[in-house]
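In each ligand, atom 1 is the first atom listed, and ligand 1 is the first ligand listed.
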Amino acid sequence: MSSAKSASETPRSYKLFIDGKWVDAESGKTFTTPNPATGATLAEVAEGDKADIDKAVVAARTALEGKWSKVSARDRGRMMYKLAQLIEARIGDLAALETADNGKPIKETTYVDLPQVVENFEYFAGWATKIEGETIPVPGQMFNYTLREPVGVCGQIIPWNFPLLMAAWKLAPALAAGNTVVLKPAEQTPVGAMELGSLIQEAGFPDGVVNIVPGYGETAGAALASHPGIDKVAFTGSTEVGKLIARAASDNLTKVSLELGGKAPNIVFADADIEQAVSGAMMGIFFNQGQVCCAGSRLFLDASVKDEFLDRFKERAGRVKVGDPMDASTQMGPQVSEEQLNRIKGYVDIARGEGASVLAGGCPPQLEGDFQKGFFFQPTIFGEVKNSMRVAQEEIFGPVVSIISFDGEEDLIKQANEVVYGLSAGIWTKDITRAHRFARAIKAGTVWINTYNMFNAASPFGGYKQSGYGREMGKHALEMYTQVKSVWVDLSGKPIGWYGN
Ligand code: ADP
């Protein structure tokens with residue numbers, strides 16, 4: 001069952017992973033997850049809900065206060081390295097499963113998603129032994145130091161666009177810092193996380209340190225976010241659901257970190273290397289079928305290069321190979337679900353209604369055989385878009401880019417920042433002063449200069465404004481998974497004296 005072929009053809013079945021055991025849902029319910037390229041059933045999965053979340057939270061608490069608290073930092077790191085190695089040894093078949101579950105091309109899962117999963121576990125494995133407190137130079141005969149302790153039981157709710165990678169972004173810093181976890185994968189793409197459950201067991205983590213409960217957002221997800229037994233909830237997904245999570249967590253004042261939507265400006269100045277900028281614009285919007293929270297979905301073009309840029313961009317967009325995601329030469333697979341496909345189609349109608357033109361794509365491609373049942377869409381370019389239009393303001397989450405004009409740098413920065421989101425931005429120019437001026441002026445958590453969609457486990461990622469709060473990856477992620485305790489010690493050996501003797 002390890003080839004790409006079997007991954008796409010043999011229905012699998014998964015139970016919940018709670019306290020180191022594979023168990024049915026308390027309700028006995030299951031749900032199926034389709035292969036979005038063909039609509040065929042990929043797997044039948046136990047459907048967790050509140051009762052199962054309750055069990056998983058108890059298991060995570062017991063592990064936190066029991067076995068896991070006795071594991072040294074070094075051993076935590078070693079288990080994480082082991083997990084990274086186990087994943088690396090299975091990149092081929094995990095990539096094929098991820099492609100079958102999500103629809104993203106096998107080239108991406110094999111060379112981007114899975115290697116980055118390994119990188120994140122390795123990077124944070126190294127941190128396990130480097131999480132330290134400080135001594136503070138307080139006055140008098142006092143000794144003051146800090147302990148950096150785990151937050152506790154973490155509820156982690158992840159989306160479907162990078163299923164395994166989002167699991168790694170969440171699990172790796174949490175485990176390095178000594179927390180325990182209840183992870184809820186997205187209902188559209190539970191398979192990768194369930195496979196991870198077996199590898200976590202094999203890597204030697206004590207039972208209950210990681211619990212994985214697939215299920216629907218409104219049931220399992222909502223039960224986790226509002227659970228009084230968790231200390232922190234970490235969420236990646238839409239801004240709309242992020243607000244629900246923050247509200248649900250607020251009753252218990254559970255700590256929250258959110259990585260939400262985006263509507264990134266990607267800006268091409270007259271002095272940019274046009275070929276470089278065109279390929280960057282493609283990477284910005286067509287990668288992962290545009291289902292990327294930091295997608296460069298608003299493309300601002302300087303008037304003097306607009307025609308040349310668009311000629312090349314349209315031609316290149318028309319040549320993107322859309323089809324069988326298991327084919328190594330495919331550049332775009334299907335969208336994750338029919339719901340997402342319909343959402344994108346709806347935005348094409350909205351764009352036309354708002355007066356934008358469709359310069360490329362705008363509809364599904366003509367495919368053959370089983371792929372006719374898949375959720376494919378063509379690379380799509382909207383021309384004559386105003387920044388105030390809905391297609392420029394709302395996250396579409398598809399291979400759909402809006403072309404917007406600007407009049408000078410001041411107007412550009414105003415328009416670029418005129419959205420509720422602030423996750424990322426791109427700029428294409430050879431003028432280094434302008435590039436760095438822009439990097440400061442844009443309200444976003446990541447700015448790419450003459451590149452796009454670059455990530456590394458050591459570099460922080462997260463949002464300004466309604467794109468969320470908290471930073472994932474890098475040492476900043478450890479801030480979200482630790483809490484600081486200040487310890488005071490009297491060194492004088494004398495009574496405090498404030499009330500006399
Ligand atoms: P998208 O809009 O990209 O499908 P969502 O934000 O809806 O993403 O979903 C991301 C994750 O949040 C998924 O795991 C989903 O099940 C979960 N989710 C959805 N609704 C809720 C909710 N009300 N409470 C908690 N989790 C939810």
Not counting sequence neighbours, list each pair that qualifies as a salt bridge (Lys or Arg N to Asp or Glu O under 4.0 Å) and has a residue in residues 158-171. Lys170-Glu472

Which pairs with one or both residues in residues 22-46 pass salt bridge (Lys or Arg N to Asp or Glu O under 4.0 Å), sequence neighbours excluded? Lys15-Asp24, Glu26-Lys55

What side chain to side chain donor-acceptor pair (under 3.5 Å) pairs are there with at least one residue in residues 455-465, not counting sequence neighbours? none

Please lay out, stage by stage, how Phe121 and Trp169 fare under the test ring-ring contact (aromatic ring centres under 6.0 Å, His included). CA-CA 8 Å; Phe121 281 114; Trp169 280 21; over 10 Å; no

Counting only non-hydrogen atoms and a 4.0 Å cut-off, the residues near ligand 1 are Ile157, Ile158, Trp160, Lys184, Pro185, Ala186, Glu187, Gly217, Gly221, Ala222, Phe235, Thr236, Gly237, Ser238, Val241, Leu244, Ile245

Parallel, tilted or perpendicular, as decided by the 30° and 60° cut-offs, for the rings of Tyr216 and Phe31: tilted

Should the ring pair Trp448 and Tyr452 be called parallel, tilted or perpendicular, given that the plane angle runs from 0 to 90° and is split at 30 and 60? tilted

